[in-house]
Amino acid sequence: MQTKTPTETPVKVIDGRQLSDLLLEEMTQEVKERTQKGYPQPGLAVVLVGEDPASTIYVRNKIRSAEKAGLFSLVIRLDASCSQQALDDVVVELNEREDIHGILVQLPLPKHLSEARIINLIDPTKDVDGFHPVNVGLLSSGQAKLVPCTPLGCMEILEREMGDVSGKHAVVIGRSNIVGKPMANLLLQANCTVSIVHSKTIDAAALCRQADILVAAVGVAELVDQNWVKPGAVVIDVGINATEIDGKRKLVGDVNFADVADKCRAITPVPGGVGPMTIACLIKNTLTAAKQHDM
């Protein structure tokens, strides 16, 4: 790790939990004001297939945040062996329910079920994950209403920490449909100059060293070290990777936090960085969907 000189500004570790609490407070107030005006309570339905431990925890946290913000929430649990038709029927019924404004089918699904089919079956106006092709197209054309929650959470972090990011060079590591591509689109719409680094990029580290904003979303534990980071950059670590250190299970990001922290202006930790903001943005998307429905 490099040693800071007395003139260097100490790195800011971005507290995603604190930022998510602020965003949830804003959403709670907006929900309260809308219901006082006679609008229906926004409704979120989460479908959980099977009993995957990680998915169960994610769903519990999502529902807890939804209820905290004043949303009506519904969890539908299906057995891991359920048929495609049974899952389809649940989604179709939720599409038709007037009290449900947001639908989320927790991924991954058991292997015998088609994620693509379910994503396409959800009503785009209720697609609070932002994965439906209609919402992907709207995002690409700058007309998005419902945006994938993790990239939206990253933008909330950047806007609250940096203000105007116009003109900044942003580099996104990863090109997934869930994070990388929508993240690049959102940064572009915020008037950043955007580069995407992926597995076929020649000398990825050299390109990343040009970034004022570096977003790591590739799913490789501690890939990014200080050789990848420009001094004074803002680093957003989306990765969540389970590793074993000294016989204990530990979650680490795509960024080697200890190696990078002294070199950058600000950085999100793992855990406690992007994750809480992802859940808060699910609530934000549900409220957005409710407002669109009530127009």
Side-chain angles (χ1 to χ4, degrees), residues 12-35 41-48 54-75 100-107 126-131 135 139 144-163 165 178-179 182-183 185-187 189-190 213 215-217 234-240 251 253 266-292:
K12 178 173 184 180
V13 179
I14 298 169
D15 190 338
R17 293 188 178 95
Q18 183 181 53
L19 290 179
S20 69
D21 285 345
L22 289 173
L23 181 56
L24 282 173
E25 286 175 11
E26 294 169 8
M27 298 300 102
T28 302
Q29 184 60 33
E30 189 169 355
V31 169
K32 182 179 179 180
E33 291 172 358
R34 284 179 56 77
T35 53
Q41 186 181 22
L44 171 66
V46 180
V47 181
L48 177 62
S55 292
T56 300
I57 292 171
Y58 292 150
V59 167
R60 184 172 67 235
N61 290 339
K62 290 168 182 176
I63 293 300
R64 183 183 298 154
S65 294
E67 292 176 347
K68 183 178 178 180
L71 273 62
F72 163 67
S73 62
L74 173 68
V75 180
I100 296 298
H101 303 94
I103 301 170
L104 184 151
V105 177
Q106 183 65 41
L107 304 179
K126 297 186 177 187
D127 168 38
V128 287
D129 258 339
F131 294 161
N135 289 322
L139 174 58
K145 298 294 190 297
L146 299 176
V147 176
C149 299
T150 297
L152 186 58
C154 292
M155 289 305 301
E156 286 280 348
I157 290 172
L158 289 170
E159 289 167 0
R160 289 168 188 259
E161 290 297 321
M162 299 180 68
V165 297
I178 295 174
V179 180
M183 187 77 238
N185 266 316
L186 288 172
L187 288 163
Q189 290 169 26
I213 299 167
V215 181
V234 174
V235 178
I236 306 295
D237 190 353
V238 180
I240 302 179
L251 292 179
I267 185 171
T268 59
V270 176
V274 173
M277 289 298 288
T278 296
I279 294 177
C281 285
L282 171 65
I283 309 308
K284 183 174 183 177
N285 271 349
T286 305
L287 180 55
T288 298
K291 289 190 289 187
Q292 291 298 309

All side chain to side chain donor-acceptor pair (under 3.5 Å) counterparts of [X], not counting sequence neighbours:
X	value
Gln189	none
Asp129	none
Ser65	none

Quick one: are [X] and [Y] in side-chain contact, heavy atoms under 4.5 Å?
X	Y	result
Leu71	Val31	yes
Lys12	Glu161	yes
Lys62	Leu104	yes
Glu30	Lys291	yes
Cys154	Met183	yes
Thr278	Cys149	yes
Arg34	Leu287	yes
Ile283	Leu24	yes

>> Is there a side chain to side chain contact (heavy atoms under 4.5 Å, CB included) between Ile14 and Ile267? Walk through the geometry before answering.
In response: CA-CA 6 Å; Ile14 298 169; Ile267 185 171; over 6 Å; no
Using modelled atom types and a 3.5 Å cut-off, is there a donor and acceptor pairing between side-chain atoms of [X] and backbone atoms of [Y]?
X	Y	value
His101	Gly43	yes
Asn285	Val147	yes
Lys126	Ile100	yes

> Does any donor atom in the side chain of Glu25 or Gln29 lie under 3.5 Å from an acceptor atom in the other side chain?
Replying inline: no
> If you measure only the distance, is there a donor-acceptor pair under 3.5 Å linking the side chains of Thr35 and Gln41?
Replying inline: no
With sequence neighbours left out, write down each residue that passes side-chain contact (heavy atoms from CB on, under 4.5 Å) with [X], or none if nothing qualifies.
X	result
Thr56	Leu48
Asn61	Ile57, Arg64, Ile279
Arg160	Leu19, Leu22, Leu23, Glu26, Glu156

>> What verdict does the side chain to side chain contact (heavy atoms under 4.5 Å, CB included) test give for Asp21 and Lys68, after you've listed the backbone C-alpha separation in whole Å, the side-chain angles of each residue and the deciding distance to 0.1 Å?
In response: CA-CA 10 Å; Asp21 285 345; Lys68 183 178 178 180; 4.0 Å; yes
> Can you list the steps and then say if Ile103 with Val46 is a side chain to side chain contact (heavy atoms under 4.5 Å, CB included)?
Replying inline: CA-CA 6 Å; Ile103 301 170; Val46 180; over 6 Å; no
Look up atom [atom1] in [X] and atom [atom2] in [Y], then write down how far apart they are to the nearest 0.5 Å.
X	Y	atom1	atom2	answer
Leu44	Thr286	CG	OG1	4.5 Å
Asp237	Thr268	CG	OG1	5.0 Å
Met277	Ser20	CE	OG	6.5 Å
Leu146	Asp127	CG	CG	6.5 Å
Leu186	Met155	CG	CE	6.0 Å

> Can you list the steps and then say if Val165 with Glu159 is a side chain to side chain contact (heavy atoms under 4.5 Å, CB included)?
Replying inline: CA-CA 7 Å; Val165 297; Glu159 289 167 0; 5.7 Å; no
> Nearest heavy-atom pair of Pro276 and Gly272: which atoms, and what distance?
Replying inline: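 In this case the closest contact between Pro276 and Gly272 is CD-C, 4.1 Å.
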> Taking all non-hydrogen atoms of both residues, which atom of Pro182 and which atom of Leu139 are closest, and how far apart?
Replying inline: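 It is CB-CD2, 3.5 Å.
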